[in-house]
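These numbers come from a predicted model, not from an experiment. Each chain gets a letter, A, B and so on, in the order the sequences are listed, and its residues count up from 1.
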Amino acid sequence: MARSYETVLIFDSTLDESVFEQKLGRLKGALVDDGDESMTVTQWGTRKLAYPIGKKEQGTYVILRYDTEPDRLVEFERLAKLDEQVMRQLTIVDPIESTIVPATTSTDEPAATSTDEPATTSTDEPAATSTDEPATTSTDEPAEPGVEVQE
Amino acid sequence: MVYRRKKTCHFCENKVVIDYKDQHMLDRFTNDRGKILPRRVTGTCARHQRRLATAIKRGRFLALIPYLPDHAL
Ligand SMILES: [Zn+2]
């Protein structure tokens, strides 16, 4: 059964425009039939990478959203992997709505937040905006009220 | 609302859906060494902290934010 997906591709930014279009077209064609209206393509263009990939400092980002069958996705991923000019590919299932343009301000999403539990911390320390906290590796550790981390 | 305190979950408060492509948000919730900020600093609730962790991992993979492997430090 078809499902909704979102794929981010990073292409080598030194590709000729025509070659880039060709590659992108081929990859899209692996995912959906021509003219499939579920497909939306968002081009971020070329951006500096947060860290070099291979020896590349830049990459050309493309975000695809579409509905497809798992078999086609497998074939797409195989093709993308074979292509050395595809520096990264990431596909997620059932992407959240309206995230194509990174939102910096909150829009009124009908997000299901109603069941959120209140934060378990009771004494919120002021946490002076120090961004250089020796953060523990755990991403989800229970907060410890009153325990100051020492540098 | 009822649970509003000095520090609240940014995502609950503003009904923000966490997007791994939102570089600005990823930056805001990681420190200058690329590590995710703990909840006690940001006030993020447990549920959103988990989603944030996933988003940050994706953002690193996509070179939107710096990558520090878990075994670093
Ligand atoms: Zn929350």
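- Contact between B:L62 and A:Y61 at its shortest, heavy atoms only, is O-OH, 2.6 Å.
- Hydrophobic clustering of Ile, Leu, Val, Met, Phe, Trp and Tyr side chains at less than 4.5 Å, counting indirect connections, unites A:V86 with A:V19.
- For chain A, the nearby part of B:I65 is the backbone; its heavy atoms alone come within less than 4.5 Å.
- Residue A:I96 comes nearest to B:I18 through the heavy atom pair CD1-O, 3.3 Å, listed as atom of the first residue, atom of the second, then distance.
- Closest of all the heavy-atom pairs between A:Y51 and B:R60 is OH-O, 2.5 Å.
- Looking at B:F61 and A:Q89, their side chains never come closer than 4.5 Å, going by heavy atoms from C-beta outward.
- Proximity of A:W44 to B:K21: side-chain heavy atoms (C-beta onward) are separated by under 4.5 Å at one or more points.
- Here the closest heavy-atom approach between residue B:P66 and residue A:A50 is recorded as N-CB, 3.6 Å.
- Tracing side-chain contacts under 4.5 Å through hydrophobic residues (I, L, V, M, F, W, Y), one never reaches A:L64 starting from A:V74; they form parts of separate clusters.
- Residues A:I92 and B:R58 are in side-chain contact: their nearest non-hydrogen atoms beyond the backbone lie under 4.5 Å apart.
- Around the NZ atom of A:K81, the shell of radius 6.0 Å holds no more than 12 heavy atoms that belong to other residues, nucleotides or ligands.
- Contact of A:L49 with chain B is made through backbone and side chain together, with heavy-atom distances under 4.5 Å.
- The hydrophobic clustering, which links ILVMFWY residues whose side-chain heavy atoms are closer than 4.5 Å, places A:L24 and A:L82 apart.
- The number of heavy atoms from other shown groups lying within 6.0 Å of CG (A:D94) is above 12.
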